[in-house]
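Just so you know, these numbers use all the heavy atoms, side chains as well, and skip hydrogens, waters and symmetry mates. Residue numbers begin at 1 in each chain, while the letters A, B, ... track the order of the sequences.
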Amino acid sequence: MCGRFTQISSGREVHAVMGLDGPEVDLRPRYNIAPSQNAAVVRNDAGGRQLSMLRWGLIPTWAKKPDIGNRLINARAETAAEKPSFRAAFSQRRCIVPADGFYEWRRECAVRQPWYVTTRGGEPMAFAGLWEHWRVPEVAGLQGSLADCQPNDIVETFTILTTGANGAMQSIHHRMPVILSPEAIRPWLAGEEVELGSAAEDLLMMHRVSRHMNNPRHDGPECIVALEAP
DNA sequence: CCAGACGTTGTT
DNA sequence: GTCTGG
DNA sequence: CCAGACGTTGTT
DNA sequence: GTCTGG
């Protein structure tokens, strides 16, 4: 699956790799993006291919309360086109989530050991994602990072598609995010049919990291530093 | 007809 | 155990 | 995903 | 909103 990830590359790098239109945007490097936080996503709009900050955890339009978004941080690529929560977004509201790496946990002895997964070449990845919009109800009273929302505000949210793990990833976990090839970015955003299987076998590398990053408040470069071999 | 769910993950 | 917050 | 809370009362 | 279960 994918429950944490990083966005470290600069706005300039993301602009180039994702083929964005419009001006370059400044991005703060993020080493530990957790569900419910905002992250940069790429979408097509009237002005072309644009970067926006959306909340991670898809809230369907019909939801009366936003808490379902806490659980819809991933969507299975095998079924997202049919599921009521994702179907509309799958056909109408696709996005790319640029990422430099992601975390997976593996049970090792008694502990859940986090690993950091990134590309061998260091190039950013393009996760396949879906986005949705949700209208804050009249009787809101929302908590947490949505507490500042007013009734009828529109909250934009996203989810990351997952697929079966392949290659070295299988030794860590049985699911992984859908990583689009550079050629698949345009057709995915255009709503065309795209192969949503696993990435190339040799695309990724991975290492253990400190459980420091378990705490979502920790968001510095120390999160991705490799542990000494055990 | 209305009521209630609508999802993924991991773990058992 | 389960939910909320990050 | 993990971390941390999970409650009531009375008093300020 | 739309589908399933009763």
Could you state the [atom1]-[atom2] distance from [X] to [N], rounded to the nearest angstrom?
| X | N | atom1 | atom2 | answer |
| --- | --- | --- | --- | --- |
| Ile33(A) | dC2(D) | CD1 | P | 17 Å |
| Ile59(A) | dT4(C) | CD1 | P | 13 Å |
| Met1(A) | dC1(D) | CE | P | 5 Å |
| Phe5(A) | dC2(D) | CZ | C1' | 16 Å |
| Arg55(A) | dT4(C) | CZ | C1' | 11 Å |
| Lys65(A) | dC6(B) | NZ | P | 14 Å |
| Ile73(A) | dG5(C) | CD1 | C1' | 13 Å |
| Asp148(A) | dG5(C) | CG | P | 13 Å |

Which part of the nucleic acid, if any, lies within contact of [X], taking any heavy atom under 4.0 Å across all strands shown: a base, the sugar-phosphate backbone alone, or nothing?
| X | value |
| --- | --- |
| His218(A) | nothing |
| Arg211(A) | nothing |
| Thr159(A) | nothing |
| Thr61(A) | nothing |
| Phe86(A) | sugar-phosphate |
| Arg4(A) | base |

Is [X] close enough to [N] that one of its side-chain N or O atoms is under 4.0 Å from OP1 or OP2 there?
| X | N | value |
| --- | --- | --- |
| Arg112(A) | dC2(D) | yes |
| Asn214(A) | dA3(D) | yes |
| Thr79(A) | dT8(B) | yes |
| Thr162(A) | dT9(B) | yes |
| Arg175(A) | dT9(B) | yes |
| Arg76(A) | dT9(B) | yes |

Let's see if you can work this out: which of [options] has an atom nearest to the side-chain heavy atoms of [X]?
| X | options | value |
| --- | --- | --- |
| Arg217(A) | dC3(E), dT9(B), dG6(C) | dG6(C) |
| Asn74(A) | dA3(D), dT9(B), dC3(E) | dT9(B) |
| Asp67(A) | dT8(B), dC1(D), dT4(C) | dT4(C) |
| Lys83(A) | dC6(B), dC2(D), dT8(B) | dT8(B) |

Nearest-angstrom distance, [atom1] atom, [N] to [M]:
| N | M | atom1 | result |
| --- | --- | --- | --- |
| dT9(D) | dG1(C) | C1' | 26 Å |
| dT4(C) | dA5(B) | P | 15 Å |
| dC6(D) | dA3(B) | P | 34 Å |
| dC1(D) | dT12(B) | P | 14 Å |

Item to complete: Decide yes or no on side chain to side chain donor-acceptor pair (under 3.5 Å) for Glu82(A) and Thr79(A), but give the supporting numbers first.
Response: CA-CA 6 Å; Glu82(A) 288 83 39; Thr79(A) 56; over 6 Å; no
Indicate the ring-plane relationship of His218(A) and His212(A), choosing parallel, tilted or perpendicular according to the 30° and 60° boundaries. parallel
Here the pair of heavy atoms bringing Ile185(A) nearest to Met18(A) is CD1-SD, 4.0 Å
Hey, are Arg55(A) and Glu156(A) close enough for a salt bridge, meaning a charged N less than 4.0 Å from a carboxylate O? no
Whether Arg120(A) and Asp202(A) form a salt bridge (side-chain N of Lys/Arg under 4.0 Å from carboxylate O of Asp/Glu) is what I want to check. no
Cation over ring face, Arg43(A) and Trp131(A), 6.0 Å, 45°
yes
From the list Glu108(A), Gln113(A), Glu228(A), side chain to side chain donor-acceptor pair (under 3.5 Å) partner of Arg208(A) resolves to Glu108(A)
Practice prompt. Would you check if there is a donor-acceptor pair between the side chains of Ser9(A) and Asp100(A) at a distance under 3.5 Å?
Written response: yes
**Trp188(A) (side chain) donor-acceptor with Ile96(A) (main chain) under 3.5 angstrom** = no
Dot-bracket for DNA chain E, 5' to 3', Watson-Crick and G-U pairs with both distances under 3.5 Å, [ ] for crossing pairs, | for partner on another strand, reads ||||||
Open item on the list: By a 5.5 angstrom centroid cut-off and a 30 degree plane limit, is there stacking between Trp62(A) and dC6(B)?
Closed with: yes
